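In what follows, chains are A, B, ... by sequence order, proteins preceding strands, each numbered from 1. The structure presented is a predicted model; accordingly, all values stated were derived computationally and were not measured.
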Amino acid sequence: MSILLQALLNGVMNGALIAVPAIGFTAIFAVLRYPNFAIAAYATIGAFAAWWVNVHFGAGILPALLVAFAIAGCIGVGAEETALKQLRGAGALTVAIGSIALNTVLENVVRLFFGNDLRGYDLPLVPDWRFMGLRVGPQQLQSLAFAVVIMAAVFAFLRYTRFGKAMRAVADNSDLARLKGIEPAHVAVMTIFLGAGLAGVGGVLIGLDASIDPLLGFRVLLTVFAAAVLGGLGSIPGAVVGALAIGIAEECALLVAPASYRSAVGFAAILLVLTVRPRGFFGERAN
Amino acid sequence: MSRYTINRRHFLGASSLLLGGAALPSFAWGEGEPIKIGTLTPLTGSGGPYGPVMADTVKAVVDEINAAGGILGRKIEVVSEDDQTNPEAGVRAARKLIDVDAVSAIVGTWASSVTTAVAPLCWESKTFLATVSGADSITELPHQGYLARTQPNTTLQGRKFGEFAVAESAKRVFFVSPQTPFADSQFQNITKAIEAGGGETASLIYDDKKPSYRSEVDELLRFNPDAVIFGGYAPDTTVMLKELYRAGYQGKKIAFAYAVNEKLVDSVSAEIVEGCYTIAPSSDESSTAYQRLVELIGVDKPDPYTVQVYDQINLILMAMAAAGETTGTAIKDNIRKVSQAADGAKVDNARDGLKLIAEGKAVNYDGASGPCDFTDKGDISDSSFRYEQVRGGRLTLVKIA
């Protein structure tokens, strides 16, 4: 029993890490209607930006997260405006492929400046707490708390601010939004900033658990994508639920199958869900 | 411009001159025609940093033996070719060595892909091949004895990990590794060594693309190991080490030196890797053969491949002398007689060895890379390994054994 509980607990913690970049991914999809695979590079860039201020200026984790959000967001907007914007006219598939190319370019720019070496944050590693035969890491709890706060902030932003409402309006029906005087181009820039910034924050949280190298984002890209698809592309609550579902499915899979099949079991679960419910948990349009 | 054009007549003239020139020394030596040995090392490509020194080392040894009178009254001639770290170029160069130069042996193939491509040409033409490639599959080829290697394969490396754990009095050993071509064979050989020491093993193969391994570590801890052996590379081993630290694992940690390297040790907080052991194949730096080699080629810390090729050429020369014949088959049939004769006098170089052989005595060569004893399949049965431990945040040499 405690084994199962532990697996659930691990699943929630892993899922929360994936949820943050998944929100970014799905938000971009909601407004711009294409899957932006460059979020892997934005996650890597965020992790490196946070590492830079952490190691060189002794910044704590909170300021490092803010820096990661801002830098990843700005680079996201810059890359979108220079590289992907021109492709939008050619359809979502073209932009998606363009974003894969952009991802590789950005990843290699990171490699050019920082090299291939492994890095780690200059933060003490804390042993796990144990209670009732379960094991939780204070650091994971902290990451989980960050993830929850970030998700709450995103929800509040979308619900209560003018810009958030505008984003939702464009996501819902961009023509109607334009008629109401909302400028979709501005909303697009803001969304990219938010999406890339969230990916950057996710990169930092992942880097806290693992180590930082130029492939950090790329390694989790497929899982992030799957979480967004599972939750229903374009739905922000969906991305959270999808990420948690994948996290839990993968961890529980370890109880019945060898660890090397972990991803396969997780993705088999996704196939199953999508077969029954093609638009994902919360997707409104299946297109 | 036409002054530099080569027409067919010029070409024929020039090449016959060249060929004639090449043939001259053999006429000059009369019946003591030189014995030819080929080096096929990577002078370019990813093995480029090693190949040139390897070829020079073979020449240096041969020069020394020639100065001392050669073998069976004949001089030895080294023909060096470049395999470009590329199987296709390797095959072309090997054909030239075998068909044109008629070498008795080829030494020094480096990349496993090149060795795998060149080996069939060698055994078909009864040419002996000595290699520094590590892939397990190489000695599984049907080479009929015409192949030997001095690089420890993963079977031997696995055994060393197991034996080290036993020596550190570990009874319950857990092996964690991502899916690699050698994970299975490594685990099997760790298990053999541990079970021989009365212990138990378990293993877990993980997906190395995951940002955390909490549930994997839970499974590992349920086995209650007193030693964990890491089979992975640096990025995933970092994550695994962090998880183990968080989980409060207190037992021993043993990893490949290429995974827990200086970069990894620098990138994590000291307490995470403190006490971790690393293991890597090593030259036997304390051996007299190694010291002789350093003097001979004037390189302070020769790389492992140079060290191995030094042993290969010494062994091949002595095998020819012991056989009284210089063919590839003679080398094949006699190399173990000079490398591991139970009653043989220990020698660390061919010059001393050849004197003893001329006196009709048996020799047993102990080289710069290790004892240089071969199994029937052509693998070395033992080798030196370098054991280090992270102490005070630095990799510290424990022993070379």
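- Proximity of A:Asp209 to B:Arg246: side-chain heavy atoms (C-beta onward) are separated by under 4.5 Å at one or more points.
- For B:Arg394, the CZ atom counts as loosely surrounded, since its 6.0 Å shell holds 12 or fewer non-hydrogen atoms of other residues, nucleotides or ligands.
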Could you tabulate the donor-acceptor pairs under 3.5 Å formed by side-chain atoms of residues 217-225 of chain A, not counting sequence neighbours?
| unit_1 | atom_1 | unit_2 | atom_2 | d |
| --- | --- | --- | --- | --- |
| A:Arg219 | NH2 | A:Asp213 | OD1 | 2.4 |
| A:Arg219 | NH2 | A:Asp213 | OD2 | 3.4 |

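- Interface remark: of the candidates A:Leu125, A:Leu254, A:Ile18, A:Ile206, A:Leu125 forms the most heavy-atom pairs closer than 4.5 Å to chain B.
- Contacts with chain B were tallied for A:Gln6, A:Arg119, A:Gln140; A:Gln140 has the most, counting heavy-atom pairs under 4.5 Å.
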Check residues 187-194 of chain B and write down every donor-acceptor pair under 3.5 Å in which the side-chain atom is one partner and the other belongs to a residue at least two apart or another chain.
| unit_1 | atom_1 | unit_2 | atom_2 | d |
| --- | --- | --- | --- | --- |
| B:Asn189 | ND2 | B:Ser185 | O | 2.6 |
| B:Thr191 | OG1 | B:Phe187 | O | 2.8 |
| B:Thr191 | OG1 | B:Thr201 | OG1 | 3.1 |

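- For a residue to count as touching a neighbouring chain, one of its non-hydrogen atoms must lie under 4.5 Å from one of that chain's; by this rule A:Leu123 touches chain B with the backbone only.
- When heavy atoms are compared at a cutoff of 4.5 Å, A:Val136 approaches chain B solely by way of its backbone atoms N, CA, C and O.
- When every heavy atom of A:Ala259 is checked against every heavy atom of B:Tyr206, the shortest pair comes out as CB-CA, 4.1 Å.
- Chain B forms more heavy-atom pairs under 4.5 Å with one residue of A:Cys252, A:Ala7, A:Pro138, A:Ala210 than with any other, namely A:Ala210.
- With hydrogens and angles disregarded, a donor-acceptor distance shorter than 3.5 Å links the side chain of A:Arg130 to the backbone of B:Ala247.
- Rounded to the nearest 0.5 angstrom, B:Tyr249 OH and A:Asp128 CG are separated by 15.5 Å.
- Remark: the backbone N or O of B:Arg214 is paired with a side-chain donor or acceptor of A:Arg135 at under 3.5 angstrom.
- Annotation: residues 259-270 of chain B contacts chain A through B:Lys263, B:Ser267, B:Ser269 [non-hydrogen atoms, separation under 4.5 Å].
- Residues of residues 44-53 of chain B lying under 4.5 angstrom from chain A, judged on non-hydrogen atoms, do not exist here.
- Proximity to chain A (any heavy atom under 4.5 Å) is restricted, for B:Glu219, to the side chain, taken from C-beta onward.
- Environment of CZ in A:Phe114: crowded, with over 12 heavy atoms of neighbouring residues, nucleotides or ligands closer than 6.0 Å.
- Proximity to chain A (any heavy atom under 4.5 Å) is restricted, for B:Ile272, to the side chain, taken from C-beta onward.
- The two residues A:Ser211 and B:Pro235 come nearest to each other via the heavy atoms OG-O, 4.1 Å.
- The contact between B:Ile205 and chain A is made by backbone and side chain atoms together, counting heavy-atom distances below 4.5 Å.
- Neither the backbone nor the side chain of A:Leu205 comes within less than 4.5 Å of any heavy atom in chain B.
- Top candidate by heavy-atom pairs under 4.5 Å with chain A, chosen from B:Gln179, B:Glu216, B:Glu271, is B:Glu216.
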